[in-house]
Amino acid sequence: MDLRPESSDDTVTTAVDHAYSRVCAALKFPDQLDNVEQLKAKAIRKKTAADTRLKTAVQSQLDDVREGLELVVRCIQDTQVIGHQVNEAETFYSTCRELKAQSKNALAFSNLRLQLMGTLEQLQLIFEVPDTIAEVEELMAETTPHWLLIHKRVAELDGCRQHVLGQVDGSAVASASAKKAVISYFADVTRLWEQMQQAMFYEASDPIALVREHPERLVTVLRVIEREEASDEAREGKECKHLKRKYLERLQTRIEMKFDDLLVSQSSIHGFLRQFGEFYFEDLRTARDELTMCFPPDYDIFRFFLKTYHESLCAKADQMQSRADIDPSEIMKLLNWVPEYNEELKTQLSVDPQELEKTLLGLGEAGLRKHYLQVLTVKLSTWITNLVENEAKVWFKTGGEPEMPLESDGLYMSDTPVILFQMIQQQIDVAFQPGGGSNFAKILLDQCFRSMEDFLRASDGKLGLAMANYSGPEKLEMPGTLVEHLIAAANNYLRSQTYVKQILGKIEAHYTSAAPEFKASEQRVTQIVKGFERLGFIALKVLEDLTFEDITPVCDQLFNLKWLRSRKVFNTLLATLRDYCSDYREHLNQEHFDDLMLSMTQRIQMLYLQALMNGELKIKNDEERDDFLANFEEEKNKLRNFFEEHCDVRNDAVGRDPFLPLVYTFQLLAASKSMIRITWLKLKQEYSDVSYKHLHAILLKRDDFSTKEVKAFIKTTVLAKDVEEGILDEAVSSGLAFFARVESGCSVNYKAD
């Protein structure tokens, strides 16, 4: 049922519809009826605040109106007096002295009347702001806008805005809300000014073309600019528009863009010179002969165009002569063109080339290609050094505001690989340009590969520095964002592998797959990809070491009497792991994250078992044994659950469950004596690097073994039977070793006879 009241007043109807929609949205569901009183109270508060602001603004306006009305009354009264005095003046016309005195009074009253009329005009402008804005917008929408009239209207609005703001700022009773209301009321005026400025600048953005077809429109825009320049002088630096400066900057940018469009697209020196000759001198002649008649003299518009055109031409000529594919004939063409250009300046424009600041082709004609290679070698070396050093500065920054790495799809990264491979790909493109030649391409490709290898070595050094400085017993205080930047580095190294392979694809487009040059490039690319893989592994190792700098001290507090009675230490361990792993999961790429989690899974178990074997806790009775085993199993399960929660737990490099060490250790602690050797054999089968010293340390935690009994049990029940069955300790590679990296704390030398 529609509850909205009927009204013929459009404003009231709109307000009621708006209120109706708001109420319907707020009371969409029956249970929201409980909020009616709150909604009423909120509406009353908002209405009260709005009324207060409106009253303040209206009061300010009424004060001005009251002042104006008082002036009107006084003016009427003074007018009556003037009329009476004029009658007396007619009567006593012969008395010139009295007439002179009365004339002064009349002048004062006239000035007062003018002041009143100005006030009334300001009030009229204030109340007609929306209508004036609509009128100006209609004028600007015309095909050929009347800029002088538009500027007059907009300038009046802007002057009114400044006057009202000045009155508000100067008023002792004006509040911040009143000023905000005034600013809001005149917001469209500021927008309209910017819109007018942009539209004028757009129309006059190419004065060369405009003066040839519609010079009157160019002159109109310039008259508006000159009016504003005069107004700026009167403002004495307050809210100056600076239209002249802005227009000249816009004009300079437009000229530079014109050169880019017309010159950069040319692929040869011949095309460059041909395109140049089609517009350059014709435009400058137009600037000299026609623009100078439209622009005010202080613009010196011809010199402005000459300087901007010539400097843009010098920049483009330098780009052309620096290209690696320039052949000798084009170089000579370019060098022979320089005196022709200078002569054209003299004959067509009466300009002495020596008066210009820049000189065309500062480089000689000999050895451009050789010079290019020499400069490139130095620049690439400098670029690589600066690239790595700048990245390292951000890594190791300790003072000031910390700099977080960039993010893309949630992953941390930096722009280092983009910068690196943009440089490399640009040079590879140069190497295969038509004029380069096979030897040139070979040298340039070799230099690109050397640069990438230099980057690998420099990055390896910075990672090593991070590991040396911020891990170990003599570590320095770690920078606040080092971990985040190392995550970004790992992501970068993975991206770089893709970029390197893309480079090989670019090279393959220019050689056959059987070509020696391609084979050599393929080998170099393969080695560089492996180099980035290695950097990624090192970055993960540094991240792991930094993580365990915080975790290792917590692990050292496990397996004591306090640990047996409280879960606080282990909960602290899990909280620290969760803090790091959450960041890794969110900001590290999936491939590296899985590798890091697997490595951390192994390392946390090593620390946990090392704490078990070296802990001071010794079980004394069945109750403590039950608590010990319950705690161990609970923490074992929590560790597994934690890693399964944060990642897809994978088997290790040989396909084993990564949590087997804790599983078998728990079985050794909980099993009966008769089952110990069976469990030991299972553990030994999975981890050949586990030793009798590890078994000794584990069995010592049981309450049914003394130190002497552990030695005897291992020698007679375990070691002796192992010897009979030919089960011996085996050396394993460091990559597969687990228990070999766990310090048992046992000094007993178990050795078969």
May I ask you to check whether Tyr692 and Trp680 place their ring centers less than 6.0 Å from one another? yes

Rounded distance (nearest 0.5 Å) linking atom SG of Cys581 with atom CZ of Phe642: 4.0 Å

Using a strict 4.0 Å threshold on nitrogen-to-oxygen distance, state whether Glu644 and Arg640 make a salt bridge. yes

Taking atom CZ as the centre, does Arg534 end up with more than 12 heavy-atom neighbours from other residues, nucleotides or ligands that are less than 6.0 angstrom away? no

Pairing residues for Glu544 by the side-chain hydrogen bond (donor to acceptor under 3.5 Å, both in side chains) criterion, not counting sequence neighbours: Ser599, Arg603

Name each donor-acceptor pair under 3.5 Å that joins a side chain in residues 496-505 to protein atoms two or more places apart or in another chain, with its distance.
residue : atom : partner : partner atom : Å
Ser496  : OG   : Asn492  : O            : 2.8
Tyr499  : OH   : Arg495  : NH2          : 3.2

Could you check whether Tyr608 and Phe632 have their ring centres less than 6.0 Å apart? yes

Are any of the side-chain heavy atoms of Asn571 and Lys638 separated by less than 4.5 Å? yes

Rounded at 0.5 Å granularity, tell me how far CD in Glu403 sits from CD in Glu484. 13.0 Å

Identify whether the distance between the nearest side-chain nitrogen and carboxylate oxygen of Arg457 and Asp454 falls below 4.0 Å. yes

Output the distance between atom CD (Gln523) and atom CZ (Phe449), rounded to the nearest 0.5 Å. 10.5 Å

Does the ring center of Trp395 lie less than 6.0 Å from the ring center of Tyr470? no

Verify side-chain hydrogen bond (donor to acceptor under 3.5 Å, both in side chains) between Asp595 and His592, making sure each step is shown before the conclusion. CA-CA 5 Å; Asp595 292 341; His592 281 156; 5.5 Å; no

Is Pro405 close to Met413 at the side-chain level, that is, under 4.5 Å between some pair of heavy atoms? no

Got Met597 and Met600 here, is their nearest side-chain heavy-atom distance under 4.5 Å? yes

Are there over 12 heavy-atom neighbours, none belonging to Glu743, within less than 6.0 Å of that residue's CD? no

Out of Asn390, Asn386, Leu387, which one pairs with Ile419 under the side-chain contact (heavy atoms from CB on, under 4.5 Å) rule? Leu387

Can you find a heavy atom in the side chain of Leu486 that is under 4.5 Å from one in the side chain of Leu546? yes

So for atom CZ, which belongs to Arg450, do other residues, nucleotides or ligands contribute more than 12 heavy atoms lying within a distance under 6.0 Å? no

Any non-hydrogen side-chain atom of Phe570 less than 4.5 Å from a side-chain atom of Glu634? no

Do Tyr580 and Leu543 have side-chain heavy atoms sitting under 4.5 Å apart? no

Give a yes or no on whether Lys618 atom NZ has more than 12 heavy-atom contacts from other residues, nucleotides or ligands under 6.0 Å away. yes

Would you find more than 12 non-hydrogen atoms of other residues, nucleotides or ligands less than 6.0 Å from Lys715 atom NZ? no

One should read off an interatomic distance between Leu695 CG and Leu683 CG, to the nearest 0.5 angstrom, of 8.5 Å

Can you confirm whether or not the ring centre of Tyr584 sits under 6.0 Å from the ring centre of Phe593? no

Ring-face cation of Lys673 near Phe705 (centre distance under 6.0 Å, axis angle within 45°): yes

From CD (Glu635) to CZ (Phe559), nearest 0.5 Å: 6.0 Å

Using a 6.0 Å cut-off, check whether atom NZ of Lys682 has over 12 heavy atoms from anything other than its own residue. no

Asp446 vs Arg524, test: salt bridge (charged side-chain N to carboxylate O under 4.0 Å, His left out). Steps then yes/no. CA-CA 9 Å; Asp446 179 70; Arg524 298 285 288 274; 3.2 Å; yes

